[in-house]
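The shown structure was predicted, so the numbers you read here are calculated from the model rather than taken from an experiment. These numbers come from the heavy atoms of this one structure, side chains and all, not from hydrogens, waters or symmetry mates.
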Amino acid sequence: MATLSLRPPNRLRHLSDLDENRVLVLPRGALTYAGFIDWVSSDDFPEKLRVTYFDGEVSIDMSEEAIGSHVAVKTAVYRTLLPLVSDEDWGEIYTDGILLCNEAAGVANNPDGAAVRWATIEVGRMSFITRKDLERAIQGSPDWVMEVLSNSSVHKDKRVLREAYHKAKITEYWLIDARGEDVRFDILLWRKNGYAAVSASDGWTKSKVFAREFRLRRDRNRRGAWTYTLDAR
């Protein structure tokens, strides 16, 4: 099983980790938002473990990311957005591994990418969780998040997180699916009643947050594997 979920009244305390010689201890309080934040911010939390909290449920993702349909996609997006954000002094972009927390939405998750404008930080819509003088997580509402679908994350990315990110009032959600014959690249904009997909024109889709149009394409590289390019204009 790639993803393990716990919710009340299931109060299991010991879960086998990827390392067969270790045991992951899930504190009882981790099934509340405050308890979950305390757990993942503590020194006892296993490094590189991907977990999600939403609406009283903790999901632990134990699957490996496919290189051709997941890792390579993220690399292409970062390759384009990182210099764009830096050159224009736009704000900050965080690659996967960052913990995003929003108490009002009751969600804490490790997105495949997140970005925030300086103005958003300056008005207090997003801040940082600090422990022992180290910034351990971001909290509030960044301007942008991205999720790349894998076989084990379809329901979470398309249903659970779509609802959670909307509750968190995150302006733009990029949802990418490169598992099939064609790449699906959706830019979802926050609307009062839910996210709405931006219509593409000749393969280009407009981002309100980055004030650009983007196109995600892929080709075979020299060893026959997929390589991706995120064009911007």
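- Side chain of Arg215 to main chain of Asp231: no donor-acceptor pair is present (N/O by atom type, distance under 3.5 Å, no hydrogens or angles).
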Cut-off 3.5 Å, no hydrogens considered: what does the side-chain donor-acceptor table look like for residues 193-204, sequence neighbours left out?
{"unit_1": "Tyr195", "atom_1": "OH", "unit_2": "Tyr165", "atom_2": "O", "d": "3.3"}
{"unit_1": "Tyr195", "atom_1": "OH", "unit_2": "Ile170", "atom_2": "O", "d": "2.7"}

*side chain to side chain donor-acceptor pair (under 3.5 Å) evaluation trace for Gln139 with Ser127*: CA-CA 5 Å; Gln139 64 178 350; Ser127 58; 3.2 Å; yes
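- Aromatic ring pairs are classed by plane angle as parallel below 30°, tilted from 30° to 60° and perpendicular above 60°; the pair Tyr33 and Tyr53 is perpendicular.
- Counting only heavy atoms from C-beta outward, the side chains of Leu100 and Tyr94 never approach each other to under 4.5 Å.
- The NZ atom of Lys208 sits 13.0 Å away from the CD1 atom of Ile187 when rounded to the nearest 0.5 Å.
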*asked:* Apply side chain to side chain donor-acceptor pair (under 3.5 Å) to residues Ser153 and Glu147 and explain how you reach the verdict.
replied: CA-CA 9 Å; Ser153 72; Glu147 298 290 354; over 6 Å; no
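- Here the CZ-CG distance, from Arg125 to Asn102, works out to 9.5 Å after rounding to the nearest 0.5 Å.
- Atom CE of residue Met146 and atom NZ of residue Lys74 lie 7.0 Å apart, to the nearest 0.5 angstrom.
- Of the candidates Thr75, Leu84, Val73, Thr80, Thr80 is the only one forming a side chain to side chain contact (heavy atoms under 4.5 Å, CB included) with Leu230.
- Under the 4.5 Å side-chain heavy-atom criterion for grouping Ile, Leu, Val, Met, Phe, Trp and Tyr, Val77 is not connected to Val71 through any hydrophobic cluster.
- Note on residues 108-158: pairs passing ring-ring contact (aromatic ring centres under 6.0 Å, His included), not counting sequence neighbours, are Trp144-Trp174, Trp144-Phe210.
- Remark: side-chain polar atoms of Asp143 are not paired, donor with acceptor, to backbone N or O of Thr171 under 3.5 angstrom.
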